[in-house]
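All remarks here apply to the structure that follows.
Proteins get letters first, then strands, A, B, ... in listed order; numbering begins at 1 in each.
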Amino acid sequence: MLARELLRTSPDRIRAALAARGSDAPFAELLAADSRWREAQAELEALKAERNRGSKEVGALLAKGRTEEAEKVRSGMVKLGARVAAAEVEATALAEAVGALELVIPNLPHETVPVGPDETANRVEHSWGEPPTFDFEPRSHWDLGPALGILDFERAAKVAGARFAVLWGAGAALERALVTFMLDLHRGTGYREVYVPFLVNSDALIGTGQLPKFGADLFHIEGTELYLVPTAEVPVTNLHRGEVLEEASLPRRYCAYTPCFRAEAGSYGRDVRGLIRQHQFDKVELVHFATPETSYAELEVLTKAAESVLRRLGLPYRVVTLSTGDMGFAAAKTHDLEVWLPGQACYREISSCSNCEDFQARRADIKYRPSAGGRARFLHTLNGSGLAIGRTLIAILENYQHADGTVTVPEALRPYLGGLERLVPEQ
RNA sequence: GGAGGGGUGGCCGAGCGGUCUAAGGCACCAGUCUUGAAAACUGGCACGGCGCAAGCCGUCAGGAGUUCGAAUCUCCUCCCCUCCGCCA
């Protein structure tokens with residue numbers, strides 16, 4: 001959500017930003033609705049002021065026993081009441097129109113974001129590690145996993161449907177090991193671990209920006225107002241919804257494990273094989289709350305924390321800055337981490353680290369009180385995967401594979417797997 | 001799921017149809033006094049919106065209603081507490 005003041009004072013800046021995003025957001029409608037609402041609101045308040053004066057007078061006259069005069073004023077107020085009611089209906093309708101429109105306007109990109117229509121305009125910042133070379137044709141994880149007996153898509157389809165997976169034996173243990181490994185790593189660098197609900201209400205989803213625009217991407221629990229979390233960003237960011245935090249307590253850095261559930265509407269035919277795009281996947285998420293002055297330094301801290309996971313696992317990756325046309329709705333700037341996947345011979349997204357500035361904080365009403373005193377200000381929120389577990393599992397299988405189909409377990413994970421050094425065929 | 005009790009400013013807490021412009025206390029800030037501090041005293045001290053401003057409007061968990069007028073009356077919802085039932 002953008003500041004109302006900004007809409008009124010810098011409409012050109014917003015129009016330019018929306019154009020850079022390739023957004024068709026109804027900004028002109030929003031401006032017009034805001035203008036109409038202000039007019040109606042001023043009229044309503046003038047009528048209410050008049051009624052308040054009259055009502056007070058009725059009370060004063062009654063107190064003095066001048067009942068006839070009081071009755072005269074009262075009957076005048078009855079007529080005024082009808083006008084107030086009518087004005088209120090109009091002002092409320094306009095206020096709702098403004099509120100609905102401003103919830104579908106995306107965030108403004110930061111000035112350092114490359115301008116472009118889609119992912120081809122993304123800027124590669126740097127890369128780490130060398131893609132491994134093989135003296136055989138590297139296999140994809142959807143071949144390796146089932147051959148090892150640790151990945152089972154047929155049975156997943158039987159119990160749930162397409163875009164689900166079953167992990168057996170060492171596969172299931174590896175999934176669990178990755179979660180624990182990542183949480184331990186982040187806890188060791190100052191993140192506070194938090195365990196949160198996997199179902200959230202619509203207020204939370206509005207707060208982080210999934211609603212009202214992207215409801216089709218969510219799983220909704222029939223007969224309730226609850227949704228399955230599409231990312232831990234939603235429950236974790238909303239932990240402080242409606243709160244005012246002390247500046248001295250910032251930055252706050254939280255990490256959380258949750259499964260994530262996404263309807264993946266409209267992605268038919270894309271990444272249908274393997275674990276890449278699932279309705280359910282595990283993720284360790286990082287969320288920061290920061291002051292406006294420090295949020296871009298925090299974005300670097302967040303990105304480095306996500307990178308550290310890949311480095312510890314020895315997985316080659318690169319960091320890209322998303323272009324204006326490729327960024328998410330709530331983000332002002334996003335760094336994607338892309339891990340090398342030998343099976344597809346390309347880099348694929350494994351983490352997305354964003355500074356949402358005050359966009360979510362406005363929607364969720366999250367503020368901080370400056371140490372120097374003064375009124376509370378909206379803080380900045382950031383979030384990033386650290387990392388997506390399923391895609392990490394894919395990267396391990398594909399990067400650490402051998403010609404015989406076995407897979408080396410990265411050293412950093414062995415303590416979490418009872419010292420297991422190599423995945424070999426099961427059953 | 002059933003029964004009962006509650007939700008008022010940063011905190012405690014009064015108010016139960018009309019100067020509520022929300023008492024009082026605590027905490028906090030400033031000042032007086034003091035070598036300094038404490039104490040005492042004086043003053044200040046919620047948030048949001050509209051407006052150039054003066055100012056006005058709104059907010060007593062949320063919503064709807066009754067009324068000239070609602071923190072106060074009615075209805076609905078949410079949340080918290082206690083007990084019962086069920087349950088990992």
Handout entry: Lys/Arg N to Asp/Glu carboxylate O, A:R74 vs A:E71, below 4.0 Å
Key = yes
Practice task
Using a cut-off of strictly less than 4.0 Å, decide whether A:R38 has a side-chain nitrogen or oxygen near OP1 or OP2 of B:rG51.
Solution key: yes
Completion exercise
Separation of B:rC56 atom P from A:L44 atom CG, nearest Å, is 16 Å
Exercise for the section: State whether a side-chain donor-acceptor pair under 3.5 Å links A:T208 with A:E233. Expected result: no
Exercise for the section: Look at A:R4 and B:rG49 and indicate whether a side-chain polar atom (N or O) is within less than 4.0 Å of OP1 or OP2. Expected result: no
Exercise for the section: Report yes if a side-chain nitrogen or oxygen of A:K56 is closer than 4.0 Å to either non-bridging phosphate oxygen (OP1 or OP2) of B:rA70; otherwise report no. Expected result: no
Practice task
Find the partner of B:rC56: check Watson-Crick (N1-N3 plus N6-O4 or O6-N4) and G-U wobble (N1-O2, O6-N3) distances, both under 3.5 Å, and reply none if neither fits.
Solution key: B:rG49
Practice task
State the pairing partner of B:rC28; accept Watson-Crick or G-U wobble contacts with both distances under 3.5 Å, and report none otherwise.
Solution key: B:rG44
Exercise for the section: Indicate whether OP1 or OP2 belonging to B:rG69 is found under 4.0 Å from a side-chain N or O atom of A:N52. Expected result: no
Practice task
Report the distance from atom CE of A:M1 to atom C1' of B:rG48, rounded to the nearest whole Å.
Solution key: 12 Å
Handout entry: Counterpart base for B:rA71, defined by Watson-Crick or G-U wobble contacts under 3.5 Å
Key = none
Fill in the blank from the handout: Between CZ of A:R51 and C1' of B:rG18 the distance, given in whole Å, is 14 Å
Practice task
Nearest whole angstrom, please: distance from the C1' of B:rU59 to the CD of A:E88.
Solution key: 13 Å
Practice task
Write down the distance between CD (A:E5) and P (B:rC50), rounded to a whole number of angstrom.
Solution key: 9 Å
Practice task
Give A:V58 one of three labels, base, sugar-phosphate or nothing, depending on what nucleic acid heavy atoms sit under 4.0 Å from its own.
Solution key: base
Practice task
Starting from C1' on B:rG49, measure out to CG on A:L94 and report it in whole angstrom.
Solution key: 15 Å
Practice task
Please determine, for B:rA3, whether a Watson-Crick or G-U wobble partner exists with both distances under 3.5 Å, and give it or none.
Solution key: B:rU82
Practice task
For A:L7 and B:rC50, give me the distance from atom CG to atom C1', rounded to whole Å.
Solution key: 15 Å
Problem - Any donor-acceptor N/O pair under 3.5 Å between B:rG49 base and A:E45 side chain - result: yes
Exercise for the section: Indicate yes or no: at least one non-hydrogen side-chain atom of A:L199 is less than 4.5 angstrom from one of A:P235. Expected result: no
Problem - RNA chain B: 5'-proximal contact among A:R8 and A:R53 (nearest heavy atom) - result: A:R8
Problem - Side-chain ion pair, A:E247 and A:R377, N-O less than 4.0 Å - result: no
Problem - Residue matched to B:rA22 through Watson-Crick or wobble contacts both under 3.5 angstrom - result: none
Problem - Short N-O contact, A:R163 and A:E264, less than 4.0 angstrom - result: no
Problem - Residue whose closest nucleotide on RNA chain B lies nearer the 5' end, A:A60 versus A:D34 - result: A:A60
